[in-house]
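The next block holds one structure in the form of structure tokens; read it before the comments.
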2 protein chains.
Amino acid sequence: MGGRVAFWFEFASTYSYLSTMRIEQMAARAGVAIDWHPFLLGPIFHAQGWKTSPFNLYPAKGRYMWRDMERICARRGLAFHKPDPFPQNGVGAARLVLAAQAGAQSPDQVGALVRAIYGAQFGNRQDISSPETLSQCLIAVGLPVALLDLARSDEIKARLRQQGDRASALDIFGAPSFVVNGDLFWGDDRLEQALAAAATV
Amino acid sequence: MGGRVAFWFEFASTYSYLSTMRIEQMAARAGVAIDWHPFLLGPIFHAQGWKTSPFNLYPAKGRYMWRDMERICARRGLAFHKPDPFPQNGVGAARLVLAAQAGAQSPDQVGALVRAIYGAQFGNRQDISSPETLSQCLIAVGLPVALLDLARSDEIKARLRQQGDRASALDIFGAPSFVVNGDLFWGDDRLEQALAAAATV
């Protein structure tokens, strides 16, 4: 029916990894188009007084999250390693995705880049704050390494800040989040509901 | 196969309502027995510096939760009203469930009582801190109203405190939680996984 889902993801977010690795296949099956929205949770967390991930602030919740991720990845056949340090700094990765979009790459290429970066971090123990890692991801998906320069431009930096403002305006408080026609769905567990909503819009 | 799931619920918890209304049917289908564990989240939240529900402390998360509950209850055909005030005081209700268990009521009767109390609160706008509400719930499920006296005894008060200690020892940080063979599952979204784990133990 031509519906759309806005997929809001933060590269440091473990549950965003889960959604990234399945959203394209599921959206295609539902006939739904994906708008890829990288953003940073840091400013949103800071605004509510958190200086780091809630999984670090609340140890029992953190221990549970790692166990939950381990179980879910095992069920889905996904590699999963705990990044060290956690959370990783995903600013450069988020800017790179915006640069790819500004560079008029197709949504499929953007999706492939996002998957490559999450795979490097959670599947392959790589540090996504490193330009070398990001460069390898670009090469792996056939995108120009020059996008790294664009990613460092003032234009793209401003665009990432705007993404944060848009996320706040949408009442987004965590990741992954999905927005369909202004309606918010939070967490990988709500991906099915979000796509169903988009398919019937 | 005779597996068991320990179901840890807090009467003030909205998502515990969701699990309560479906766990018995699902557990029966999976051949899994339920151990009913009322407990209080208050002391656990206080220990991490929260003076009220995180849904009140973090407004965007709170707004989302009410919308999420509304959508899920509509899908499941469950009545749902926002309790006022929220969270409700569920101490008396939790003690009443422990009294029913101490009074050697069958798990099915305990389950019926738990469902009646959640239904009164979230389906019928009743105040579950009121003895009248709890008394009506007992009558509705054919249990003796005298259990209210037992619920006020020192023995049952001590038992509820012990439940809190057990919950902490199990690393429980929210509700609903499910424990299968020492493995923790958190949230109504994990009920299926917990029952599958219990069925294969």
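In what follows, chains carry the letters A, B, and so on, assigned in the order in which the sequence lines appear, proteins first and then strands, with residues in each chain numbered from 1.
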Near B:Arg125 CZ, under 6.0 Å, is it more than 12 heavy atoms from other residues, nucleotides or ligands? no
Heavy-atom pairs under 4.5 Å with chain B, option from A:Arg71, A:Arg63, A:Arg75 with the top count: A:Arg71
Toward chain B, the part of A:Ile72 with a non-hydrogen atom under 4.5 Å: side chain
Top residue by heavy-atom pair count (under 4.5 Å) with chain B, among A:Leu57, A:Asp183, A:Ile172? A:Asp183
Do side-chain atoms of B:Tyr64 reach the backbone of A:Phe185 as a donor and acceptor pair under 3.5 angstrom? no
Could you check if a side-chain atom of A:Arg67 sits within less than 4.5 angstrom of a side-chain atom of B:Leu184, using non-hydrogen atoms only? no
Got a second to check how far B:Asp171's CG is from A:Lys61's NZ, nearest 0.5 Å? 13.0 Å
Got A:Tyr58 and B:Phe173 here, is their nearest side-chain heavy-atom distance under 4.5 Å? no
